[in-house]
Every structure is written in C-alpha cells, then in structure tokens.
Undergrad: 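Below: one structure in structure tokens.
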Amino acid sequence: MEIVPISNRFKLYDQLELQEFHDKYVIKSVESPDQGFSICRRDGNIELLSDTTCSGSPSRVSTIFGVGGTIRLLTGTYLLIITSRKEVGFFLGFPIFRVVSMKFLACNTDMRFSTSQEKRDEAYFMTLLKTVENTPGLYYSYETDITLNCQRRYKLAEGWMCKPMWKQADPQFVFNRNLLEELIECKLDGFIIPIVQGNISQFDREDIISFQCILSILVSLFQIRGSIPLLWEQIVDLSYKPQLRIINHEQTPKVVERHFHNLLQRYGETIAVDLTDKQGDEGLLSMAFAAETQKLPNVRYVPFDFHHVCGNSNFDKLQILYDQISEEFAKQGYFLVDEERNILEEQRGIIRCNCIDSLDRTNVTQSYLAQKSLNAQLQRVGVLTSIECISNFVEDYSKFRTLWAEQGDEISLQYAGTHALKGDLVRYGKQTIGGLIKDGMSAVSRYYLNNFHDGVRQDALDLISGRYTVNRNNSPFQLNGFESFAYLPVASALLIGGLTLTSVTLQQAGRNAHQYLSSVLWAGMTAGVMAVVKANGRQFCSRPRLCRLL
C-alpha cells in the first residue's frame, strides 16, 4: 500500500557515477548527469561544490549507490560512499536496500606537516573508519522514510513526504546523522541518504501469511526494547560476567522520567517488562529500576525473572508473563487500516522489554507477544476463527518463527558481534543439541569480543556520531602511565609458557629433586602472572579511549 502517489514524492538519486581525479572527486547522477557535486582540495582545504565541471579525463570511473556523508579528521575530509547494495524487500510499497559494502574515500592525505603523534592518531582514526565500514545491519531507501513506524508515518501531515529525505527522518534513528551535516549545509538534498541500523523483520519480502484470501489491509504492532534507563555500569575485567554497579547520582530520577516521558509522547502508556534476574547484581539493578518506575504515572512495571521461570528451554512458561499483562496488552491494541485507507484501530500504548543487554531473553519474549497479537489481528480480519491461532498452520507458523529468529540474530550481530543465544526457543519452541553447541560457541565469541574488541567499536561509534570531536591540540592516544592492554600478548605468552613448562616438569618431577624444584618455580611464576592479570583485569581489556566512561 502506498500512502501517496510516487509522482508527488521527493526522490533521491539512486545510481551515481564516481569520477576520480588527482585532486577532486566528482559525483553525478546516472539518471540526471547534470545533477551532481564535487569534493576537492583547494589551498589545503576541502570544499564541497555543486559545480561538477572538470578539465581532463578522470583516472577512474565507478558506479556507487549513495553518499553517506563526510567526516573531518586530522589531515582532512573523508567521504563515505555506498559501494554495494542489496534489495531486501519493501516498506509500504517502496523498495528497501541493505548496505552490503561502503568505503571512506580520503580527500586529502597530505601529512607532511603532521607530527609523529598526529600520524599515529590518524592511523588509529582510520582503523575506526574501517570498523564503521564493516558495520552490519544498515538499511536505506531512496523513496521513503524508514525511521518511523507505520502508525506515525500514516498520520503525517499532507505534503510532509515531499520534503527532502533528511528532513523527513527522525534524527535519533539515523545512523549517519552527524556525517550528513556538511552535505546539508551545501544543500545537496538529492544525494543525502539517511541510513538506519535496523533488522530484517521490518523489510522482509516474504509473506508471513499465505492463506487463500487476499486482503488489502495494513496491520502493524510496534514493540520496543532497551537497556535499563538508570545510571549503571558493567566494565569488562576478564571475568565471564563482570560485576554490575549502580551509579548513585542525583540526576537518576530525571533520567528515568525523561525517558518514559519521551515514550509517552511518542507511543502512549508504557508497560515496562523487566526480564532480569531477581537475585545477585541483576536483582539490585532490577530493584532500583522498579523503585524509579513506581514514581511515574502512565508506566506499569512488570518484573519477570526469565531465567528462574523459563530456565533454558521452557518457552511455554512465558504464558505466566502474558497472563499478568494480557488485559492491558489487549487494550493497547494495534494499528489497522482497511482497503479504503480508513483507520479502524490505533495502537494506544507500548510494551517495553528489557533484560541486561536487551538481546536474547528480550527477543524470545517479544516474539511470544508478537504471536499473541498476530492471532488477534487475524481473528479480527476474519482469516482465523475465534478458536484458531497461527500455530495451527505449520508452514505459516514456521515462517513467523524464522522471521523472529533471524531478527534476533541480526540485532545480536550488530550489538554483540555474534548470533543470538536461545535462538532455538524462537525458531523451534525448544532447545536442541545443535542449538546448545551454537550457543556455546557464541558465548565464547562474545567473551572474546566483549573483552578485547568492544573498546574499538565504541570508539568508532563515538567518532562518527560526533560524541567525540577530533582536535589537533588534544590527542586521546598519548600514553599516560602504564598502558596495560599493550602488554596483554606478553602476559598471555607467559601464562601459556608457564603452564606448559609446569606440566612438563611435573611429569619429570619423580626423577630427581631438581625437576621437582623447577616445577614449583614455574608453577609459582605462572600463579604470580595470573594474579597480576586478575588484579588488573580491567586494564588488560579493550577500553574506549575517545570518551570517558561514567
């Protein structure tokens, strides 16, 4: 269903030609070659120009599919371009594309006047840009804004969608918002592509329901997930599950109030479903969350200890949670539009689910609630009778569960770098041996990434989001005292070597006292290294270096 005729819409240039000269990049629309811009170096400065004329022949010409923005580092400007894409489906009748590959083009690589420290800094900044290039789960559209849910989108004022795409988009959901500023200043609206980091369930081309009847209706349920909106930290320290610490701050009540007020303004009254453990560190955080939400109107806090009630495999026990919220969940409803584009029902509230990282437990729970809503939707439009549910139709139910399992994987890959845990519960409704093995491998991968890679990923996000501003006079990478992370390979080698030599000498300890003494010495050295590493666990992990932690 299209909301307005496409002829009345603002449309981005979808296929571009990139011409590379020795001192300039020229980007033109393939469809309209007279439309384009150039980015060039003049007197050591980078300039964006609407003029695309250039003498001589380019050294290289290639096709690109969009411009993601610009960023200024120490030596000049870098231009982000989309080099490969894949059409993955449609949203309200308009094609949606996933970014397959993108690249930062250096528009000024002159480092002749840079100090040695600035050269090292620029090299690290480039490493961060490479991390951004490999960001998964990025989507965009040339013809429609994908930052709004169906209900908000459908109720926009007439003429809103004729505005440039960057003006339509909700800025808090635009991945490259900070990178677009220079293009916006130069009024290059036709080339400005807001990119959203989303998930495949929003745009999948596969029909979920394939019953014999065809209905020209639009039905939508909107759920959200998010971290606990308190001030708290969980700093990696080489342990499998780092300690959670609540930061007692006078601003905490205002932070929570502002968060839920924003949800109220956007979506209506909120049911906050908290899936964290109710014991240990998670329990303390859960109690603090409950205490703050109980002060707020229009918010109902619902605690549900997922691990205690459901364990690792009892998916059906989510019915206990559903029984607690079913009445309010039904009152919240869903968004429904008929064949004549009349709004028959609006969603009047929101379910907000969270665990600690809002990944695995959250995805299982949201898929369960989505299934309950889908049954009600299909019964409302007459596809199902009042006693039928989607689980009665094996093929369609399998598609539904696969969709949610793939969504969980994609969000987890974006956030944690691995596939989701508990994916079997969503895909099959039970845990399988293969799923247990997969979860184990993902858990090990998460441990490694959390401890030794997340600092770089956070730095990359802080850089492109504008939270950190590059400054020649203030290097964030100058060594300031003991830089423990640099010594991690040495510590690892000593541990492995010590354990190996201890094992070898122990096998020979029975031959003479000298071998026994060697075993004791190697074991003592290994224990000492382990003690030092454990005591300085936080220092040996990858930490963000651009912006301070709380």
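Predicted model only: the values in this text are computed from it and were never measured.
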Undergrad: Within the distance-only criterion (no hydrogens, no angle test), does the side chain of E233 pair as donor or acceptor with the backbone N or O of R245 below 3.5 angstrom?
TA: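 Checked: no pair found.
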Undergrad: Would the number of heavy atoms belonging to other residues, nucleotides or ligands and lying under 6.0 Å from OH of Y322 be above 12?
TA: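 It does: Y322 OH has more than 12 such atoms within range.
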Undergrad: What I'd like to find out is whether the side chain of I82 reaches to under 4.5 Å of the side chain of I195, using heavy atoms alone.
TA: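 In short, these two side chains touch, coming nearer than 4.5 Å.
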Undergrad: Taking the side chain as everything from C-beta on, heavy atoms only, tell me whether H308 gets closer than 4.5 Å to K278.
TA: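 No. Closest side-chain heavy atoms not under 4.5 Å.
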Undergrad: Looking only at non-hydrogen atoms, find the nearest pair between A405 and G423 and report the distance.
TA: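 In this case the closest contact between A405 and G423 is CB-O, 4.4 Å.
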Undergrad: Without swapping roles, check the side chain of Q197 against the backbone of P136 for a donor-acceptor pair under 3.5 Å.
TA: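 Yes; at least one donor-acceptor contact below 3.5 Å.
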Undergrad: Name all residues meeting the ring-ring contact (aromatic ring centres under 6.0 Å, His included) criterion together with F315; count only those two or more places apart in sequence or in a different chain, and write none if there are none.
TA: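 For F315, the residues satisfying ring-ring contact (aromatic ring centres under 6.0 Å, His included) (neighbours in sequence not counted) are Y368.
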Undergrad: Are there over 12 heavy-atom neighbours, none belonging to E257, within less than 6.0 Å of that residue's CD?
TA: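 12 or below, so no.
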Undergrad: Could you give me the CA-CA distance, side-chain angles and deciding distance for S101 and T83, then say whether side-chain hydrogen bond (donor to acceptor under 3.5 Å, both in side chains) is met?
TA: CA-CA 6 Å; S101 63; T83 56; 2.7 Å; yes
Undergrad: Return the minimal non-hydrogen interatomic distance between R120 and Q117, and the atom names on each side.
TA: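 For R120 and Q117, the tightest heavy-atom pair comes out as NH2-OE1, 2.6 Å.
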Undergrad: Counting distance only, does the side-chain N/O of T270 pair as donor-acceptor with the main-chain N or O of I350 below 3.5 Å?
TA: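 It does not hold such a pair.
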Undergrad: Going by the rule ring-ring contact (aromatic ring centres under 6.0 Å, His included), which residues pair with Y25 if we only count those two or more places apart in sequence or in a different chain?
TA: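 For Y25 there are no ring-ring contact (aromatic ring centres under 6.0 Å, His included) partners, ignoring immediate neighbours.
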Undergrad: Salt bridge check, E410 against R98: does any charged N sit closer than 4.0 Å to a carboxylate O?
TA: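 Not counted as a salt bridge, because no side-chain N and carboxylate O are separated by less than 4.0 Å.
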Undergrad: Quick one: does any side-chain atom of E182 pair with a main-chain N or O of T70 as donor and acceptor, under 3.5 Å?
TA: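 No, the answer is negative, given that no donor and acceptor are paired below the 3.5 Å cut-off.
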Undergrad: Who are the ring-ring contact (aromatic ring centres under 6.0 Å, His included) partners of Y447, not counting sequence neighbours?
TA: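 ring-ring contact (aromatic ring centres under 6.0 Å, His included) check on Y447 returns nothing, list empty.
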Undergrad: So, for R352 and P229, which heavy atoms are closest and what is the spacing to 0.1 Å?
TA: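 Closest pair (atom of R352, atom of P229, distance): NH2-CD, 3.7 Å.
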Undergrad: Can you name the nearest heavy-atom pair linking N450 to V236, along with the distance?
TA: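 Distance-wise, the nearest heavy atoms are O-CG1, 3.4 Å.
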Undergrad: Side chain to side chain contact (heavy atoms under 4.5 Å, CB included), that's the test. Do Y142 and I193 meet it? Break it down for me.
TA: CA-CA 7 Å; Y142 300 108; I193 294 183; 3.7 Å; yes
Undergrad: Measure the spacing between OG of S442 and CG of L421 and express it to the nearest 0.5 Å.
TA: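 Going from OG on S442 over to CG on L421, the span is 6.0 Å.
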Undergrad: What distance separates L285 CG from I228 CD1, expressed to the nearest 0.5 Å?
TA: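 If I round to the nearest 0.5 Å, the distance is 3.5 Å.
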Undergrad: State whether the side chain of N354 and the backbone N or O of R225 hold a donor-acceptor pair below 3.5 Å, judged by distance alone.
TA: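 Side chain of N354 to backbone of R225, a donor-acceptor pair under 3.5 Å: no, none is there.
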Undergrad: May I ask you to decide if the ring planes of Y448 and F452 are parallel, tilted or perpendicular, using 30° and 60° as cut-offs?
TA: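 Tilted: the ring planes of Y448 and F452 meet at 30° to 60°.
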Undergrad: Apply salt bridge (Lys or Arg N to Asp or Glu O under 4.0 Å) to D439 and list each qualifying residue two or more places apart in sequence or on a separate chain.
TA: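 D439 satisfies salt bridge (Lys or Arg N to Asp or Glu O under 4.0 Å) with no residue once adjacent residues are dropped.
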Undergrad: Apply ring-ring contact (aromatic ring centres under 6.0 Å, His included) to Y124 and list each qualifying residue two or more places apart in sequence or on a separate chain.
TA: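 If we apply the ring-ring contact (aromatic ring centres under 6.0 Å, His included) test to Y124, skipping adjacent residues, the hits are F477.
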Undergrad: Once salt bridge (Lys or Arg N to Asp or Glu O under 4.0 Å) is applied, do any residues pair with R446, and if so which ones, sequence neighbours excluded?
TA: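 Testing R446 for salt bridge (Lys or Arg N to Asp or Glu O under 4.0 Å), a comparison that skips the adjacent residues, returns D360.
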Undergrad: For T135 and F175, run side chain to side chain contact (heavy atoms under 4.5 Å, CB included): C-alpha distance rounded to whole Å, both residues' side-chain angles, the deciding distance at 0.1 Å, then the answer.
TA: CA-CA 10 Å; T135 302; F175 174 80; 4.0 Å; yes
Undergrad: Could you state the interatomic distance from CZ (F125) to CG (D459), rounded to the nearest 0.5 Å?
TA: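 One finds 9.0 Å between CZ of F125 and CG of D459.
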Undergrad: Under the side chain to side chain contact (heavy atoms under 4.5 Å, CB included) test, which residues partner V444, sequence neighbours left out?
TA: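 Here no residue qualifies.
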Undergrad: Nearest heavy-atom pair of P476 and L546: which atoms, and what distance?
TA: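 That closest heavy-atom pairing would be CG-CD2, 3.6 Å.
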Undergrad: Is there a side chain to side chain contact (heavy atoms under 4.5 Å, CB included) between L230 and V255 once you walk through the steps?
TA: CA-CA 7 Å; L230 303 176; V255 170; over 6 Å; no
Undergrad: Check whether any side-chain N or O of N149 sits under 3.5 Å from a backbone N or O of F222 as a donor-acceptor pair, and report yes or no.
TA: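 No.
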Undergrad: Which residues satisfy the side chain to side chain contact (heavy atoms under 4.5 Å, CB included) test with L148, sequence neighbours excluded?
TA: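 With sequence neighbours excluded, L148 shows a side chain to side chain contact (heavy atoms under 4.5 Å, CB included) to D145, R152, R153, L156, D170, given in chain and number order.
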Undergrad: For R401, which residues count as a salt bridge (Lys or Arg N to Asp or Glu O under 4.0 Å) partner, sequence neighbours excluded?
TA: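 Partners of R401 by the salt bridge (Lys or Arg N to Asp or Glu O under 4.0 Å) criterion come out as none, since no residue qualifies.
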Undergrad: Do I71 and L463 pass the side chain to side chain contact (heavy atoms under 4.5 Å, CB included) test, and can you show the C-alpha distance, the side-chain angles, and the key distance before you say yes or no?
TA: CA-CA 9 Å; I71 187 169; L463 179 63; 3.9 Å; yes
Undergrad: Is any side-chain heavy atom of L369 closer than 4.5 Å to one of L221?
TA: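 Contact flag for L221/L369 side chains = no.
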Undergrad: Within this structure, what is the CG-SG distance for the pair D305 and C355, rounded to the nearest 0.5 Å?
TA: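 Rounded to the nearest 0.5 Å, the CG-SG separation comes out at 11.5 Å.
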Undergrad: When you compare the side chain of V309 with that of F304, does any pair of heavy atoms fall below 4.5 Å?
TA: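 Counting from C-beta outward, F304 and V309 do come under 4.5 Å.
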Undergrad: Within the distance-only criterion (no hydrogens, no angle test), does the side chain of S286 pair as donor or acceptor with the backbone N or O of E282 below 3.5 angstrom?
TA: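 Flag not set: sc S286 to bb E282 has no pair under 3.5 Å.
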Undergrad: Answer whether the closest heavy-atom distance between the side chains of Q407 and I411 falls below 4.5 Å.
TA: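 Result yes, sub-4.5 Å side-chain heavy-atom pair found.
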Undergrad: Using modelled atom types only, decide if a donor and an acceptor are shared between the side chain of R60 and the backbone of E20 within a distance under 3.5 Å.
TA: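 Not at all, since once roles are kept as given, no pair shorter than 3.5 Å links the two residues.
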Undergrad: Measure across T418 and S445 and return the closest heavy-atom pair with its distance rounded to 0.1 Å.
TA: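 For T418 versus S445, the nearest heavy atoms are CG2-CB, 3.6 Å.
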Undergrad: Tell me every residue that passes side chain to side chain contact (heavy atoms under 4.5 Å, CB included) with T131, counting only those two or more places apart in sequence or in another chain.
TA: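 By the side chain to side chain contact (heavy atoms under 4.5 Å, CB included) rule, T131 matches V456, R457, A460.
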Undergrad: Check salt bridge (Lys or Arg N to Asp or Glu O under 4.0 Å) between D462 and all other residues, then give those that pass, not counting sequence neighbours.
TA: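 Salt bridge (Lys or Arg N to Asp or Glu O under 4.0 Å) list for D462, sorted by chain: R467.
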Undergrad: Could you tell me the separation between the CZ atom of F400 and the CD atom of Q371, rounded to the nearest 0.5 Å?
TA: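 That separation rounds to 5.5 Å.
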Undergrad: Less than 4.5 Å apart, any side-chain heavy atom of V470 and any of R72?
TA: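 When only atoms from C-beta onward are counted, R72 and V470 do not touch, as no gap falls below 4.5 Å.
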Undergrad: On the six-membered ring of F306, is R361 placed so that its NZ or CZ lies under 6.0 angstrom from the centre and within 45° of the ring axis?
TA: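 Output no; distance or angle outside limits.
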Undergrad: Side-chain contact, heavy-atom cut-off 4.5 Å: W166 with P171?
TA: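 Result no, sub-4.5 Å side-chain heavy-atom pair not found.
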Undergrad: With distance as the sole test, does N451 use its side chain to make a donor-acceptor pair with the main-chain N or O of L238 at under 3.5 Å?
TA: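 Checked: pair present.
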Undergrad: CZ of F289 to OG1 of T252: how many Å apart, nearest 0.5 Å?
TA: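 Interatomic distance, F289 CZ to T252 OG1, rounded to 0.5 Å: 12.5 Å.
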Undergrad: Is the closest side-chain heavy-atom distance between L18 and L105 below 4.5 Å?
TA: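 L18 reaches L105 side chain to side chain.
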Undergrad: Taking atom NE2 of H453 as the centre, report whether more than 12 heavy atoms of other residues, nucleotides or ligands fall under 6.0 Å from it.
TA: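 Atom NE2 in H453 is packed in, count exceeds 12.
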Undergrad: Check whether any side-chain N or O of Q366 sits under 3.5 Å from a backbone N or O of I224 as a donor-acceptor pair, and report yes or no.
TA: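 Confirmed, Q366 side chain pairs with I224 backbone.
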Undergrad: With sequence neighbours excluded, what pairs up with T63 under the side chain to side chain contact (heavy atoms under 4.5 Å, CB included) test?
TA: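 With sequence neighbours excluded, T63 shows a side chain to side chain contact (heavy atoms under 4.5 Å, CB included) to Q15, F65, given in chain and number order.
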Undergrad: When you look at CD of Q279, are more than 12 heavy atoms from neighbouring residues, nucleotides or ligands closer to it than 6.0 Å?
TA: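 Open.
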